[in-house]
2 protein chains.
Amino acid sequence: MSSETDFIAPTMGAPKTGPVIRVLVVDDHPPMRMGLVALINSQPGMEVVAEASDGEEAIEVYDDVRPDIVLMDLRMPGMGGAEAILAIRIKHPDARVIVLSTYDLDEDIHRAIQSGAKSYLLKDMPIEDIASTIRGVHEGDASLPRPVAERLTERSQRQQLTERERDVLGFLVRGRSNKEIASSLCISEDTVKSHLKTLFFKLKVRDRTGAAVEAIRHGIVHLK
Amino acid sequence: MSSETDFIAPTMGAPKTGPVIRVLVVDDHPPMRMGLVALINSQPGMEVVAEASDGEEAIEVYDDVRPDIVLMDLRMPGMGGAEAILAIRIKHPDARVIVLSTYDLDEDIHRAIQSGAKSYLLKDMPIEDIASTIRGVHEGDASLPRPVAERLTERSQRQQLTERERDVLGFLVRGRSNKEIASSLCISEDTVKSHLKTLFFKLKVRDRTGAAVEAIRHGIVHLK
DNA sequence: TCCGGAATCCCCCAAATGGGTGAGAGTCAG
DNA sequence: CTGACTCTCACCCATTTGGGGGATTCCGGA
């Protein structure tokens, strides 16, 4: 929504700027969307061509407008950002998506990058950084801001959890006992305990409570 | 939303609108701040007179500009929103602060209202609601949006935790054992277990893991 | 083909946890 | 003053949990 902000003069004798960068903004918070639109439209050489408020909408809109850049929130109702990125990149492998998230949880960052995001920004970053990242990614860059890259390093330090371990962790966070987890996964309680042992080791905690908190803290398991 | 429609015309023969509502915007996310500024300035009869990016700054700025309304985020680095509201209202008991938060955690809502916030909005609400709440609070209203009020009701359903129970819960979330909690609080382990019993009952959980998750889920204890 | 990782299961055992019950001291409001 | 609440501590006992081994099968990569 380009209101009073863009006097950017798209037709003015633009000196060195190539064609305008066309951006799709995806965020479920109206005021944030408004801010991003204002931010982008106030930058020379870029403009918002569409908005979406969730993953599904983002996928539809992408097909319609074929933006140069998608600026996407990660946590949204319904389809999350990561799945939306995946879906977009199946149809459009050259899509350039930048995640803009509130959280610097290492699992979130990892999931986003795995899904094909070109960069990962935090909402507490200055608008200049956001603008310059949009330009950079449009030029073909794919670098992460220092603090985000550091988080990703932290994650790589931590040993990867296996699928089964993640299953167990999921039930654990939901307050299930070993016995219940066992019957839910159709395995013996001993196997559950076996998974827990490696889980505790990998997460560097002593007990299930610590594991639950770490899982939430790092975004390995999401609440609700 | 009222963007291209209202070229607000502050000097135009304003019919019934009284003096302009002067708003202070407090949020640590630059794009969100930008959006709120755009949102408010696009509304007839209100304008942003100052911005702040954390609690301390908000308190200073309030003294300077004496805004009619403060629109404040709750979770910010350093001093949080609740403490800032408290501090502002000590010096200015008639200050009208509206909280604008990402989270609808019942403890957050409760803390905000306790601190003296006049209303509590969520960032996923439409901008019309935000604007109308600003007007309402400026007129002296102090009502909560339906979903927020419901959360507060949920909280009242849950039995209040005592101070000591909160202490224990805090250590528990930090992964401490009963023995460690006991020595940290200088009480016997039996007393810790006694507190845990009532804690489990009040939170409707079976064990410490459930208690930790519930504490985080409801915002009773904040992670880091 | 052989190795390693993953998942499964088993045993033993000590420690931690949770449930039930009771009870004394302090505070605070009606 | 009395009742309600909180905090404190104690004891008993069953269950759960967690730590230490070890074993099997399966699968995919070197």
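Labels below follow one simple rule: chain letters A, B, ... track the order of the sequence lines, proteins then strands, and each chain is numbered from 1. Heavy atoms only: backbone and side chains are in, while hydrogens, waters and symmetry mates are out.
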Rounding to an integer number of Å, can you tell me how far [X] [atom1] sits from [N] [atom2]?
X	N	atom1	atom2	result
B:Lys193	D:dT15	NZ	P	15 Å
B:Arg166	D:dC7	CZ	C1'	14 Å
B:Leu196	C:dA16	CG	C1'	12 Å

Quick one, which residues of residues 204-215 of chain A touch DNA chain D with a heavy atom under 4.0 Å?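 Of all residues in residues 204-215 of chain A, the ones placing a heavy atom under 4.0 Å from DNA chain D are A:Arg206, A:Asp207, A:Arg208.
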
Carboxylate-amine/guanidinium contact B:Arg166 B:Glu163, below 4.0 Å: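 No, B:Arg166 and B:Glu163 are not salt-bridged.
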
Closer than 4.0 angstrom, basic N to acidic O: yes or no for B:Lys123 and B:Asp73?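 B:Asp73 and B:Lys123: salt-bridged.
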
Review item, nucleotides 4-11 of chain C N/O atoms under 3.5 Å of protein N/O:
from	atom 1	to	atom 2	distance (Å)
C:dA7	OP1	A:Arg164	N	3.2
C:dA7	OP2	A:Thr162	OG1	2.5
C:dT8	OP1	A:Arg164	NE	3.0
C:dT8	OP1	A:Arg164	NH2	2.9
C:dT8	OP2	A:Arg164	NE	3.1
C:dT8	OP2	A:His195	NE2	2.9
C:dC9	OP2	A:Ser188	N	2.5
C:dC9	OP2	A:Thr191	OG1	3.0

Not counting sequence neighbours, which residues clear salt bridge (Lys or Arg N to Asp or Glu O under 4.0 Å) with A:Arg158? List them please.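 So A:Arg158 forms a salt bridge (Lys or Arg N to Asp or Glu O under 4.0 Å) with A:Asp106, A:Glu107.
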
Under 3.5 Å, is there a donor-acceptor pair linking the side chains of A:Thr209 and B:Thr209?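 A donor-acceptor contact under 3.5 Å links the two side chains.
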
Among A:Asp108, A:Asp28, A:Asp27, A:Asp54, find the one that has a salt bridge (charged side-chain N to carboxylate O under 4.0 Å, His left out) with A:Arg75.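 Of all the options given, the one that passes is A:Asp108.
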
Only pairs at least two apart or in different chains count here, so list each side-chain hydrogen bond (donor to acceptor under 3.5 Å, both in side chains) that has a residue in residues 186-200 of chain A.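 Non-adjacent pairs meeting side-chain hydrogen bond (donor to acceptor under 3.5 Å, both in side chains): A:Glu165-A:Thr198, A:Ser188-A:Thr191.
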
Can you list the residues that meet the side chain to side chain contact (heavy atoms under 4.5 Å, CB included) rule with B:Asp63, with sequence neighbours excluded?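 Here the qualifying residues are B:Lys91, B:His92.
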
Please give the angle, rounded to 10 degrees, between the axes at the start and the end of the helix from C:dT1-D:dA30 to C:dG30-D:dC1, where five pairs define each axis.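 Computed from the C1' atoms at both ends, the axes differ by 50°.
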
Which listed nucleotide (D:dG18, C:dG19, C:dT17) is nearest to the side chain of A:Phe200?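 The listed nucleotide nearest to A:Phe200's side chain is D:dG18.
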
For D:dT16 and A:Lys179 - does any side-chain N or O of the residue sit under 4.0 Å from the phosphate oxygens OP1/OP2?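 The answer is yes; a side-chain N or O of A:Lys179 sits under 4.0 Å from OP1 or OP2.
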
Less than 4.0 angstrom between a side-chain N/O of A:Asn178 and OP1 or OP2 of D:dT17, yes or no?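 The answer is yes; a side-chain N or O of A:Asn178 sits under 4.0 Å from OP1 or OP2.
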
